[in-house]
Amino acid sequence: MKLDATDLRYITSEEFRVLTAVEMGSKNHEVVPTPLIVQISGLRNGGINKLLGSLAKRNLVARIQNAKYDGFRLTYGGYDYLSMRALSKRDSMYSVGNQIGVGKESDIYIVADAEGNEMVLKLHRLGRISFRAIKEKRDYMGKRKSASWMYMSRLAAQKEWAFMKVLHEHGFPVPKPIDQARHCILMEFIDAYPLRQIANVPAPGALYSQLMDIIVRFARAGLIHGDYNEFNILVRRESGEPIVIDFPQMVSTSHANAEMYFNRDVECIRAFFRRRFNYESKLYPRFRSTMKEGSEDDEEQFRLDIMVSASGFKKSDQQVLEEYMEMTKGDHDSEEEEEEEEEEEEEDGDDVEEVEAEIPSAETPERAQSPEDNEQSEATVAGGSD
Ligand code: ADP
Ligand code: MG
């Protein structure tokens, strides 16, 4: 979906009031009845139809004709709009640039602040794929009617934000978190290749050790990434340093399945290095010994999992999100899956086309040659000479 930055500036205050009213009404209604929108917005009935019409024309709300009543619901576009408006009111961002990623459960854009500094905006899109699953298991949410894409996407963003913050504050190699609003996270742009695009590394063993060290450091701080693979590890173009992204599925080392998650993360890296670089090491961390050594080691005694719970992202929210993710499992790991998307079918599937890149090291400062180079994607890596 296209984000429109110009809209950020050209919505009237009355339209904004109506849009906000639709959002508020959505907390209890899948389709918000028009009289309720009138009531919440405090505007006269006469004007409201015109305002709703103009919002609908810009795809910020959608008119729904229900069996029982007519009303409106907020669209992705409307929710995106409200988030970006909040971020721009706080001067966190100013303009929207290119989309750089379409994940199954997020859209990633390059955005900039008023000075033109580039950042990454991640919009969470839970429920885009798995809406059907949610409907089937509706009662898992109990009374909570708002088991909607909106609610789940916001939880995912809040969780990712909470984790990114504590990780960054404690010196882990993650993007610097900048701001968060609704289902959006604003973070530092990392000039990097995803590990999955990298064809050759001068010293796979060194990168492998760095990646395993990060897993161990996470665990000693009480955390397991839970989706630690070549898609969620970026390798800095300049330095070759790995940066870890994508945290909505992080779990505590006290989680009932912690050992399984930990070992799966380790196994993902091992399998990738075998496959891609033909590299295999006898050394790899195991959960139990890592945790045992960790408790004897005084250095990293901070428990980030506990800090996150204390910092506003509640245990109960984690639970809800985890149940959702449990339910929609499989969407994360596999690339291609039969899915009927209810709306906004995305043509180009996964993020970018596969290009190959080499990462630099002290030994290979020259530009890497990539056979599949093309105009759209710069596959070469700047080394020391650039
Ligand atoms: P998803 O949850 O959809 O997997 P990710 O957070 O993993 O979303 O991001 C998807 C892709 O977007 C990444 O593989 C990466 O290419 C790009 N990306 C995400 N965050 C950043 C960032 N901070 N800097 C640069 N690229 C990023
Ligand atoms: Mg990812």
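Order of listing sets the numbers, starting from 1, for every ligand and every atom in it. Model, not experiment: these values are computed from the prediction.
- Taking every non-hydrogen atom of Ile245 and a distance limit under 4.0 Å, the qualifying atoms of ligand 1 come out as 5 (P), 6 (O), 7 (O), 9 (O), 13 (C), 19 (C).
- If you look at Lys122 next to ligand 1, the close heavy atoms, those under 4.0 Å, all belong to the side chain.
- Put simply, the side chain of Gln197 never gets that close to the backbone of Pro194: no donor and acceptor are under 3.5 Å apart.
- A perpendicular orientation is assigned to the rings of Phe302 and Phe172, their planes being inclined by more than 60° (bins at 30° and 60°).
- Taking the six-membered ring for Trp and the full ring otherwise, the centers of Trp161 and Phe247 sit at least 6.0 Å from each other.
- Taking backbone and side-chain atoms together, Asp246 has an N/O/S atom less than 2.8 Å away from the Mg ion (ligand 2).
- For ligand 1, the polar-atom distance check against Pro194 finds no nitrogen or oxygen pair separated by under 3.5 Å.
- Of all the atoms in ligand 1, the ones that sit under 4.0 Å from a non-hydrogen atom of Phe231 are 14 (O).
- The Ile190 neighbourhood of ligand 1 comprises atoms 22 (C), 23 (N), 24 (N), 25 (C), with distances under 4.0 Å to a heavy atom of that residue.
- With a 6.0 Å cutoff to the six-membered ring centre and a 45° limit on the axis angle, Arg274 does not count as a cation-pi contact of Tyr279.
- Of all atoms in ligand 1, numbered sequentially from 1 with element shown, those under 4.0 Å from a heavy atom of Ser106 are 1 (P), 2 (O), 3 (O), 8 (O).
- Within the structure, the closest approach of Gly101 to ligand 1 does not fall below 4.0 Å when heavy atoms are considered.
- Aromatic ring centres of Phe272 and Phe277 lie closer together than 6.0 Å.
- In terms of polar-atom proximity, defined here as any N/O pair under 3.5 Å, Glu105 makes no such contact with ligand 1.
- Judged by the 6.0 Å distance and 45° axis criteria, Arg237 is positioned over the aromatic ring of Tyr193.
- Remark: Arg63 fails to qualify as a cation-pi partner of Phe72 under the 6.0 Å distance and 45° angle criteria applied to the six-membered ring.
- Residue contacts to the Mg ion (ligand 2): Ser106 brings no N, O or S atom closer than 2.8 Å.
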